[in-house]
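Worksheet: one structure, shown below.
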Amino acid sequence: MRTVSAAETAPTTYPWAVHAQGLRVRAGRHVAVDGLDLALNTGVHGLLGPNGAGKTTLMRALATVLKPAGGQLSLLGEQVDGRGDLRLVRRGLGYLPQQFGFYPRFTVREFVEYMAWLKEMPKTVVPGATQRAIERVGLAGKADARMKTLSGGMLRRAGIAQAIVNDPAVLLLDEPTVGLDPEQRLDFRELLRDVGVDSCVLVSTHLVEDVVAACSDVVIMNEGRTVYQGTPADLMAQGGDGDAGDSPAERGYSALLRRHRAVGNR
Amino acid sequence: MTTHPSPAVIARYTDREAGLDEVTAWSVEVHLEDCADCRALVADSTADDSRDLLARVAAALDDDIAAQPAPAPRRRWTAARHRWTVWQLTPWLIMTVAVLACAAGLQAIKPSMPSLVMLLAPVAPLPAVAVAWSRRHDPAWELIAGTAAAGFTMLLRRTAGVLAVVVPALAVASSRTGVSLALTLLPCLAFAAATIALGALVGVRRAAIGLGVTWTAAVIAPALVTTELPVMLQPGTSPAWALLTLALAAAAAAQSTSFRRLTSHN
């Protein structure tokens, strides 16, 4: 049994939490996301794709760090591709970057509290929300350790804690499972399912098994465009015996990419 | 103010067999929430076994609380420091203060030279202001750039943190060397405001470099060659500097909608 949150019963005024149409985003001079269409709602969405497919650039654009070069992008019903005020949208965002920089002298608690303050959470709820976020990622014992003393996996979890501290409506995690040991990955999948109940979670990863285990929806990207969007079961059904991979999902993934490349080369 | 229920009613309220009618029970309950004296009466009139149970529960709770770690203390000073300044500014501020100290020392040794403190005052805050809003100097820039508080207010806060160090340092240096306080501080504030106003157009780092190079080439270098105080720093120019500072501050305030994204120019 679980409590029904207010967000689940309140009506939304927008059809999609994340909606991109013909989105183009530059990474330096190179157009890394080129004409991407994407519509996501509540649930956990896995973002798969080969290196250089534009996953990280897409994540940065969705996190409002990069300004799109073209197309339309709306988050939580607000246009974020122009010069509009991003403040309201940003309060509802959680973002874990792939290269995750931090201030080494901060303790984990100071870091998460600082991020909660930057996300303009009400002053009175910050200490409680910080403690809860740190407990949810299993770092309660290290809450007062300095960031520079943490191992890679712990840093990653501190990063996840700052991303979920404001109970974001859109949570963007770029390669969150790098550096986590197998047990922590299982806990992390549990956390993802929990958060995905009432928010839109987009997880970029290279690990197909993570997507199958924790995601309700799979998005595959290649060369800046969406190749495929469907359920994990459907992804597994795409693969045949002749495709590369050790599991049905991996075979489905390589089959979809192979077909896409064949169409592109024709 | 409600009247206290009679002891007889309280006795019937605590006795489960007495069958107090519902309406009276509710009114007693509402009264008990606010009245410590009547709660004491209720506690006295309960049976011994209930009191034993309550004592056991209280003792168990106390033990539990004592066994758990103490609540994290509130660190107002640390939180305030994190909000107004950032760690990576420290070396730049130390450098600025050291350069000003050297300038004051040189001036004491060679009084015939134009006041170095006065010549350096406009460019003193520029390096630290450039670092305060910078991609390459802020390790957590990607996290911060996607938060609601990022933008004009954050740049202003950090600039204020820089000025809180540079202005007292300039004040001390000018009083030691006996130059005009207004002609030291006003150019410093004017250049800080100009950096922000220009920074909205070309990026804070480029603005700081441009202003610093221009001032060095146009004012500092000729003054050192001719060993005469330049026209714009002669006594009597302080009203003009005050007006310029106000105008530049207004120009900076007009850019409040800029700085929403931390672009690669910064």
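Side-chain atoms are counted along with the backbone in the values below, which use heavy atoms only and exclude waters and symmetry mates. Sequence lines set the chain letters: A, B, ... in the order given, protein chains first and strands last, and positions in each chain run from 1.
Taking a cutoff of 4.0 Å between a charged side-chain nitrogen and a carboxylate oxygen, A/D210 and A/R185 qualify as a salt bridge. A salt bridge links A/R132 to A/D167: at least one charged side-chain nitrogen sits closer than 4.0 Å to a carboxylate oxygen.
No other option in A/A63, A/P97, A/G94 has as many heavy-atom pairs under 4.5 Å with chain B as A/P97. Among A/L66, A/L96, A/L88, A/V89, the residue with the largest count of heavy-atom pairs under 4.5 Å with chain B is A/L66. Among B/V86, B/D138, B/T257, the residue with the largest count of heavy-atom pairs under 4.5 Å with chain A is B/D138. Annotation: maximal heavy-atom pairing with chain B below 4.5 Å, among A/E120, A/K119, A/E113, A/Q99, occurs at A/E120.
Proximity to chain B is limited to the side chain of A/R105, based on heavy atoms less than 4.5 angstrom apart. Neither the backbone nor the side chain of A/N166 comes within less than 4.5 Å of any heavy atom in chain B.
Atom CZ of A/R91 has more than 12 neighbouring heavy atoms from other residues, nucleotides or ligands inside a 6.0 Å radius.
Under the 30°/60° scheme for interplanar angles, the aromatic rings of B/F259 and B/W133 are found to stand perpendicular. Classification of the A/W117-A/Y114 ring pair by plane angle, with boundaries at 30° and 60°, yields parallel.
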